[in-house]
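Within every chain, numbering begins at 1; the chains are lettered A, B, ... in the order of the sequence lines, protein sequences first and strands thereafter. For the numbers below, each heavy atom of this structure counts, side chains included, while hydrogens, waters and symmetry mates do not.
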Amino acid sequence: MAEEEKQYDFLTIEKKWQKFWESEKTFQAEDNSEKTKFYALDMFPYPSGAGLHIGHPEGYVASDILARYKRACGFNVLHPMGWDAFGLPAEQYAIKTGTHPSVTTKTNVDNFRRQIKSIGFAIDWQREINTTDPNYYQWTQWIFLKLFQRGLAYVAEKPVWWCPNLLAVLANEEVVDGKSEVGNHPVERRNLRQVVLRITAYAEKLLDGLDDLDWPDSTKRQQKAWIGRSEGAEVEFSIDNSTEKLTVYTTRPDTLFGATYMVVAPEHPLLTKLVVPEKADEVKTYVESAAKKSDLDRTDLAKDKSGVFTGSYCINPINGEKIPVWVADYVLISYGTGAIMAVPAHDERDHEFAEKFNIPIRRVITHPEGDEEKEKLPYSGLGSMVNSGAYDGLDTNSCKIQIIAELESKGTGKSAINYKLRDWIFSRQRYWGEPIPLVWVNRSDFEKAKSTSGIIQGLLPENEVTSEKDGETLYALPLPPSELPLQLPEVENYQPAGTGESPLATITDWLNIWFDLESGKSVSRTEPKPDGENWVSATRETNTMPQWAGSCWYHLRYLDPTNLKNLVDPKKEAYWGSPDFYIGGAEHAVLHLLYARFWHRFLYDEGILQNPEPYKKLFHQGLILGEDGNKMSKSVGNVVSPDVVIDAYGADSLRLFEMFLGPLEAVKPWSEKGIEGVHRFLRKIHRECLNNKKHFVAKETNQETLRLLHETILKVSDAIRDLRFNVAISQMMILANHLQKAQNFSLDTIKSLLQLLAPFAPHLAEEMWEKLGGTPSIVNHPWPQAREELLVSEKITIVYQVNGKLRGQAQFSKNVDKGTVISAAKADPKVQSFIEGKEIVKEIYVPGKLVNLAVKG
RNA sequence: GCCCGAGUGGCGGAAUGGUAGACGCUGCGGACUUAAAAUCCGUUGCCAGUAAUGGCGUGAGGGUUCAAGUCCCUCCUCGGGCACCA
């Protein structure tokens with residue numbers, strides 16, 4: 001019987017406490033609380049069919065430890081979970097099997113929820129959200145309409161990745177090495193009608209906002225590079241024998257005297273006017289071949305530059321020099337003005353091009369240290385100006401300023417700022433996404449909408465949004481909030497239209513509607529036109545939103561997940577604010593985190609939120625690799641499922657080991673043997689807790705035990721705050737090993753250890769806490785406080801070094817003076833053998849730590 | 001090519017400029033057991049030595065310092081990001 005009781009029956013224990021937490025609502029966050037809030041957020045998962053693998057919980061365990069720790073410290077903690085459930089896999093499964101994506105999604109969510117619950121997180125499940133729930137996505141649509149109203153959404157033909165196999169347009173991030181990320185199919189470029197969000201309008205704000213964020217430096221750097229701000233000038237070149245002007249953007253106006261040719265991108269609007277008749281055929285062939293190349297080909301061939309002379313010349317505004325204009329695909333139409341002045345002496349790309357086509361290379365900057373003649377070109381650094389007329393002798397930076405001033409005074413240039421950031425293509429030609437709540441009408445109905453008083457009138461952007469369809473210009477009208485959510489219609493076939501339109505384009509009774517310009521109501525055109533003069537014929541937008549949309553604002557919905565009137569109640573938003581801790585993979589460093597910042601800042605500018613930034617503190621957990629050191633993947637067959645691990649060792653062992661594996665941010669391999677180690681540790685805790693012969697009720701009497709306990713409290717608390725969970729666990733192991741060896745120990749001691757352990761291994765901690773007479777839940781008991789005065793012992797060990805090498809040590813009372821220690825060190829026989837016959841040049845004493853004798857000879 | 005980050009035993013990893021290798025895994029030896037499992041005890045960086053002990057050791061080389069895994073410079077390897085953005 002005794003034997004049986006000592007078994008660590010983790011499966012029973014874990015189930016028991018998960019039930020307890022659920023029925024007692026232990027982790028329910030309070031909306032009206034006097035307490036300080038703590039909001040821990042995980043990047044919510046896409047519920048795939050494959051279920052959770054061992055990497056998913058890593059971040060969740062980390063945030064859970066913080067959540068439980070903060071709770072024990074008296075905070076009102078919010079730790080929610082939800083599902084980013086729109087996305088391609090469910091849609092592709094639907095195409096294959098005809099199963100509605102919502103069915104697949106529900107199955108997958110149920111499985112993910114079961115798995116996550118089995119790990120025992122302190123999650124407030126009453127706040128669970130799902131981006132595919134119409135009650136959720138109506139607010140995603142609502143935010144879109146706000147963006148539309150403010151002129152931040154428009155429609156344009158955009159070259160996008162088209163995958164003939166998936167029959168879908170792919171986002172850049174879904175294309176890896178010229179293949180689709182899903183399925184690895186070839187992709188090509190195609191111009192398609194897209195809804196676009198004007199994120200570039202927020203470039204400056206998104207850049208500036210980074211400074212105040214407590215984020216990993218590398219992530220901030222990535223966002224900075226992605227936004228890619230540069231300062232320079234726009235310079236206007238007149239075209240010889242033409243009234244047209246060619247404007248270029250350059251970051252190096254100082255090198256203007258070194259411009260020996262110009263380049264326009266193949267797509268440049270002035271190109272046709274620049275080409276002289278003799279060159280027409282050659283240029284036409286070149287432009288056509290460039291158009292056939294994808295961006296990938298164009299960058300792949302970066303090493304081999306190509307281009308054609310147009311036959312035209314520009315006039316350099318600074319010196320009147322005539323310089324030839326070329327067309328070359330190393331200049332991108334999408335950046336700057338799509339044209340450059342080429343300075344081969346001081347730009348690597350221009351240099352390569354000039355060498356290939358024998359264009360003159362003129363140095364205008366000397367290297368500050370260089371022997372001018374021997375110096376290698378291109379040189380892109382700073383120096384002093386030469387061959388630059390009146391600017392000779394100036395340093396690069398002042399030359400920049402003065403040349404811009406001269407151009408400005410002549411009206412042929414001005415300083416300018418450019419960004420690499422492009423507008424965000426926000427539409428997907430797919431079924432399984434949020435429908436975009438716009439309808440399209442003809443010009444006269446649009447004019448009528450503008451002059452019809454009613455709800456629509458007030459929701460129109462300042463500049464109309466138009467789109468060409470079958471030669472006709474259509475005008476976008478928004479649905480009013482009262483018509484949201486615009487739900488996905490049922491379809492029979494999930495296959496995209498194949499024309500580059502989504503499956504929604506094939507559902508004519510959903511697509512074609514009567515639309516009331518006054519109320520924004522709509523009915524299918526399969527019905528008779530309703531009475532009233534403001535009903536017009538319209539078609540719905542058939543694009544759906546990208547998966548990023550739902551995740552742009554989910555951190556807000558957790559604060560108020562069931563609110564039907566507002567995206568979030570302002571009072572709740574004021575209390576909870578933004579997450580105090582946000583954890584997720586570094587793969588989202590740019591896209592998700594930039595898009596979410598954009599939306600959040602926009603909502604802040606709209607006065608809906610109190611704070612401009614969504615995620616003040618961000619952390620990326622490192623990847624967990626397979627036991628073989630490779631990335632876990634089905635094809636390699638090294639995937640470890642949490643279900644299997646929990647079955648064999650329990651959720652507590654899983655949690656503990658994921659944290660013990662190494663630093664949270666590090667990439668580290670899984671190890672089956674390793675989890676046995678932490679499992680043994682838990683068994684040891686279990687055994688020591690139940691070994692009541694060793695327990696006594698009075699305060700801890702063993703000074704060493706007491707000291708070690710408080711050292712452990714201190715170290716574990718610090719380590720949790722610093723997210724150094726592996727170190728925290730090591731320290732608890734040290735204490736557990738000590739208790740195991742001790743004759744006996746106080747109940748206080750072991751109960752304190754259980755409290756420290758509770759955030760890591762909550763089930764076992766609860767069970768043992770209860771067995772030792774504590775009232776559950778353990779998280780409701782205040783976190784132990786370290787008595788630091790106990791950590792200063794009466795006796796200190798001082799180390800003797802000779803020339804920095806350890807040669808002995810001795811114990812002293814803690815108030816010992818320098819002289820005593822140094823003489824003791826010199827008297828030490830071992831130390832003596834190393835200083836004998838040598839001259840002591842220096843005596844170092846680090847109080848309480850060591851003596852170092854520097855000797856010579 | 002450019003910008004980051006990281007290199008510590010057989011392995012995962014610890015170390016406010018101050019005793020390198022905590023803690024865990026593995027291996028080895030032992031206790032308990034009829035035996036095994038579980039548990040416990042000891043040991044485990046390398047070289048020399050029976051041992052005491054000594055020498056060497058944090059990717060390589062140099063430097064700063066009484067003292068360097070830690071700071072500085074150069075280089076190598078690995079990982080991540082960007083990559084014709086003028």
Side-chain angles (χ1 to χ4, degrees), chain A residues 3 6-8 216-222 224-226 228-230 232 248-252 255 259 263 295 298-303 305 328-332 334-343 346-350 352-353 380 418-422 586-587 589-590 620 622-623 629 656-657 660-663 665-678 680-681 683-684 687 724 726-734 736-737 740-741 797-809 830 833 840-846 848-856:
Chain A
E3 280 303 307
K6 277 181 187 169
Q7 281 296 314
Y8 169 31
D217 276 344
S218 63
T219 305
K220 285 197 197 184
R221 258 197 307 274
Q222 278 181 62
K224 245 177 220 176
W226 192 263
R229 185 184 196 273
S230 77
V248 303
Y249 172 73
T250 177
T251 55
R252 297 298 301 272
T255 62
V263 185
D295 281 8
R298 272 167 76 159
T299 52
D300 255 11
L301 297 172
K303 296 283 179 302
K305 297 248 181 313
D329 67 2
Y330 81 93
V331 170
L332 308 175
S334 51
Y335 183 78
T337 62
I340 62 156
M341 61 175 217
V343 184
H346 303 289
D347 181 282
E348 216 172 292
R349 298 150 300 181
D350 298 345
E352 191 191 328
F353 191 86
S380 58
N418 252 305
Y419 300 92
K420 289 189 201 173
L421 184 68
R422 305 292 153 80
E587 67 274 17
V590 176
H620 300 304
L623 224 54
L656 203 63
F657 186 54
F660 188 63
L661 226 39
E665 68 278 12
V667 177
K668 54 235 161 200
W670 183 256
S671 154
E672 184 74 27
K673 282 286 178 197
I675 195 168
E676 283 175 19
V678 295
R680 265 199 283 275
F681 163 67
R683 273 210 304 257
K684 191 179 291 180
R687 204 176 330 116
R724 290 156 40 80
N726 54 332
V727 181
I729 295 165
S730 294
Q731 186 60 38
M732 289 189 277
M733 286 173 166
I734 291 170
N737 289 345
Q740 175 194 282
K741 289 188 174 96
T797 301
I798 288 179
V799 167
Y800 302 150
Q801 295 183 341
V802 178
N803 285 342
K805 286 195 175 133
L806 178 69
R807 297 302 179 194
Q809 60 179 55
K830 210 186 286 174
S833 72
I840 297 178
V841 261
K842 204 158 186 179
E843 297 170 349
I844 309 289
Y845 175 59
V846 182
K849 290 252 171 179
L850 59 75
V851 168
N852 190 12
L853 303 174
V855 299
K856 211 167 65 176

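Between the CG atom of A:L806 and the P atom of B:G21 there is a distance of 10 Å, given to the nearest Å. Atom CZ of A:F681 is separated from atom P of B:U39 by 14 Å (rounded to the nearest Å).
The side chain of A:K741 approaches B:C41 more closely than any other nucleotide in the set B:C41, B:C66, B:C4. Listed nucleotides B:A15, B:A38, B:A86 differ in distance to A:R683; the shortest reach to its side chain belongs to B:A38.
Using Watson-Crick or G-U wobble geometry with both donor-acceptor distances under 3.5 Å, B:A38 finds no partner in any strand shown. Here B:C82 sits opposite B:G1 as a Watson-Crick or G-U wobble pair (both hydrogen-bonding atom distances under 3.5 Å). Taking a pair to require two hydrogen-bonding distances under 3.5 Å in either a Watson-Crick or a G-U wobble arrangement, B:C25 pairs with B:G10. Nucleotide B:U50 is matched to nothing when pairs are restricted to Watson-Crick or G-U wobble geometry with both distances under 3.5 angstrom. When Watson-Crick and G-U wobble pairs are counted only if both distances are under 3.5 Å, B:U74 pairs with B:A60.
The base of B:C84 sits within donor-acceptor range of the side chain of A:K305, with an N or O pair under 3.5 Å.
Taking 4.0 angstrom as the limit, A:Q740 places a side-chain polar atom (N or O) nearer than this to OP1 or OP2 of B:C40. Checking the phosphate oxygens (OP1, OP2) of B:A14, no side-chain nitrogen or oxygen of A:Q731 falls inside 4.0 Å. In this structure, A:N726 reaches the B:A14 phosphate: one of its side-chain N or O atoms is under 4.0 Å from OP1 or OP2.
Between the side chains of A:Y419 and A:S230, no donor-acceptor pair is found at a separation under 3.5 Å.
Heavy atoms of A:L661 sit under 4.0 angstrom from primed sugar atoms or phosphate atoms, though from no base atom. Residue contacts shown for A:I844 include a base, since a base heavy atom lies under 4.0 Å away. Among the protein residues, A:N737 comes within range of the sugar-phosphate backbone only, with heavy atoms under 4.0 Å from sugar or phosphate atoms but none that close to a base.
Cation-pi contact between A:K305 and A:Y330: present, with separation from the ring centre below 6.0 Å and deviation from the ring axis of at most 45°.
Contact between A:I729 and A:F660 at its shortest, heavy atoms only, is CG2-CD1, 3.6 Å.
In B:G9 the base sits syn relative to the sugar, since the glycosidic angle is no further than 90° from 0.
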